[in-house]
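Below: the structure, in structure tokens.
Side chains are part of it too, since the values below use all heavy atoms of this structure and drop only hydrogens, waters and symmetry mates. As the structure is a prediction and not an experimental result, all values here were calculated from the model.
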Amino acid sequence: MTTETATPMPGRPSRIMLDTDMTIYRASEHKDALLHALGETENLEIDLSAVGDIDTAGLQLLILLKREARASGKQLALSGHSAAVRQAIDFCNLAAAFGDPMVIPA
């Protein structure tokens, strides 16, 4: 996981790029780091473009993060959905639940 903007400029979110798989094998590690990052800012963007594999544990983590952001009045955006992430979200019919636009490359 890479934090690209530790201290965002006004109006810009803190940005984290996930560059590892979001599977059950890494869920605990990702959960701790992502919840900590969400707690440190009011506006967080998570770039999923480098996620090579995601399973239901990864999807559950993204749902948890969205729920926690809403509950605490914070902004959380998911961006750069990799093909694996798009496929998992589509398969589970969760696009509307996340509410983030998914750009599908040509």
[X] [atom1] to [Y] [atom2] distance, which is reported to the nearest 0.5 Å:
X: Gln60; Y: Leu65; atom1: CD; atom2: CG; result: 12.0 Å
X: Thr20; Y: Glu29; atom1: OG1; atom2: CD; result: 6.0 Å
X: Arg70; Y: Arg67; atom1: CZ; atom2: CZ; result: 10.0 Å
X: Thr56; Y: Leu61; atom1: OG1; atom2: CG; result: 11.5 Å

Considering all heavy atoms, the nearest [X]-[Y] contact:
X: Ala57; Y: Thr23; value: CB-C, 4.3 Å
X: Asp21; Y: Asp53; value: OD1-N, 3.1 Å
X: Val51; Y: Ser82; value: O-OG, 2.7 Å
X: Ala50; Y: Asp19; value: CB-CA, 3.9 Å

May I ask you to test the [X]-[Y] pair for a side-chain heavy-atom distance under 4.5 Å?
X: Ser14; Y: Asn43; value: no
X: Ile89; Y: His81; value: yes
X: Lys66; Y: Leu78; value: yes
X: Leu48; Y: Ile46; value: yes
X: Leu38; Y: Lys74; value: yes
X: Leu18; Y: Leu34; value: yes

Could you note down all residue pairs passing salt bridge (Lys or Arg N to Asp or Glu O under 4.0 Å) where residues 30-46 supplies at least one of them, sequence neighbours left out? Arg15-Glu45
Transitive ILVMFWY cluster of Tyr25, excluding itself - 4.5 Å side-chain cut-off: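 Ile24, which link up through side-chain heavy atoms under 4.5 Å apart, make up the rest of the cluster.
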Give a yes or no on whether the backbone of Asn93 and the side-chain of Asp90 come within a donor-acceptor separation of less than 3.5 Å.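 Checking the backbone N and O of Asn93 against the side chain of Asp90, no donor-acceptor pair under 3.5 Å is found.
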For Ser49, side-chain contact (heavy atoms from CB on, under 4.5 Å) partners two or more places apart: Met17, Asp47
With sequence neighbours excluded, what pairs up with Ala97 under the side-chain contact (heavy atoms from CB on, under 4.5 Å) test? Leu94
